[in-house]
Amino acid sequence: MAKSQLKHDSLNELIEFFDTHDMGEYWDEMPEVHFDVNIKRRRHLVEIEEEIVPKLAEIAKSRKLSIELLINSWLKDKISDGLIKRA
């Protein structure tokens with residue numbers, strides 16, 4: 001296949017193309033890509049009481065944040081204000 005088939009005007013066109021074509025047929029035409037992966041980053045799951053979640057979602061939405069960002073922001077504020085003592 002010609003390389004010109006891999007050129008598309010939009011991301012949606014490219015997605016549509018690979019939804020209907022086997023990527024293996026074009027493997028040699030794909031550019032080599034390098035990127036860093038931070039495998040040291042950790043995520044911690046914490047349970048939140050079910051009745052609190054709707055209010056958190058409402059507050060987060062009004063501030064155009066995810067619930068995760070809202071809660072992390074609040075916890076950082078509490079720690080920096082000395083309201084949550086460090087272990």
Side-chain angles (χ1 to χ4, degrees):
M1 296 285 163
K3 286 186 181 183
S4 62
Q5 280 194 310
L6 291 178
K7 295 186 188 249
H8 296 276
D9 292 331
S10 71
L11 180 58
N12 287 337
E13 286 181 15
L14 189 61
I15 291 169
E16 175 69 26
F17 178 82
F18 281 113
D19 279 347
T20 58
H21 293 78
D22 181 1
M23 190 169 136
E25 294 176 20
Y26 302 92
W27 194 255
D28 293 336
E29 297 176 38
M30 297 293 175
E32 189 170 323
V33 178
H34 298 280
F35 54 91
D36 294 324
V37 177
N38 182 356
I39 60 173
K40 293 181 182 181
R41 184 173 179 173
R42 293 181 166 188
R43 295 211 174 262
H44 301 279
L45 301 178
V46 178
E47 285 190 38
I48 299 174
E49 294 176 14
E50 189 63 35
E51 63 271 7
I52 297 172
V53 174
K55 187 62 178 175
L56 286 171
E58 179 185 327
I59 295 167
K61 184 177 179 180
S62 72
R63 296 181 185 191
K64 298 182 178 161
L65 297 171
S66 67
I67 293 175
E68 178 183 323
L69 285 174
L70 176 70
I71 292 171
N72 280 317
S73 172
W74 284 353
L75 288 173
K76 287 175 185 175
D77 288 348
K78 295 292 184 185
I79 290 169
S80 68
D81 291 345
L83 299 176
I84 298 176
K85 304 226 186 261
R86 295 178 190 239

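The first residue of the sequence shown is numbered 1, and numbering continues consecutively from there. Atoms considered below: every heavy atom in the structure, side chains included; atoms not considered: hydrogens, waters and symmetry mates.
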S.K.: I'd like a table of donor-acceptor pairs (distance under 3.5 Å, sequence neighbours excluded) in which one partner is a side-chain atom from residues 47-60, with atom names and distances.
M.R.:
residue : atom : partner : partner atom : Å
Lys55   : NZ   : Glu58   : OE2          : 3.4

S.K.: Nearest 0.5 Å, please: how far is CZ in Phe18 from CD in Glu25?
M.R.: 10.0 Å
S.K.: Do you know which two heavy atoms are closest between His21 and Tyr26, and how far apart they sit?
M.R.: CD2-OH, 3.7 Å
S.K.: Under the side-chain hydrogen bond (donor to acceptor under 3.5 Å, both in side chains) test, which residues partner Arg42, sequence neighbours left out?
M.R.: none
S.K.: Evaluate the side-chain proximity of Glu16 to Asn12: yes if any heavy-atom separation is below 4.5 Å, no if none is.
M.R.: no
S.K.: Identify whether Val33 and Val37 are in the same connected component of the hydrophobic contact network (ILVMFWY, side-chain heavy atoms under 4.5 Å).
M.R.: yes
S.K.: Kindly compute the distance separating CG (Asn72) from CG (Asp77), expressed to the nearest 0.5 Å.
M.R.: 11.0 Å
S.K.: How far does OG1 of Thr20 sit from CD1 of Ile15, to the nearest 0.5 angstrom?
M.R.: 12.0 Å
S.K.: Decide if atom CG of Asn38 counts as having more than 12 heavy atoms of other residues, nucleotides or ligands within a radius under 6.0 Å.
M.R.: yes
S.K.: Are Leu45 and Leu75 in one and the same hydrophobic cluster, where Ile, Leu, Val, Met, Phe, Trp and Tyr link if side-chain heavy atoms are under 4.5 Å apart?
M.R.: no
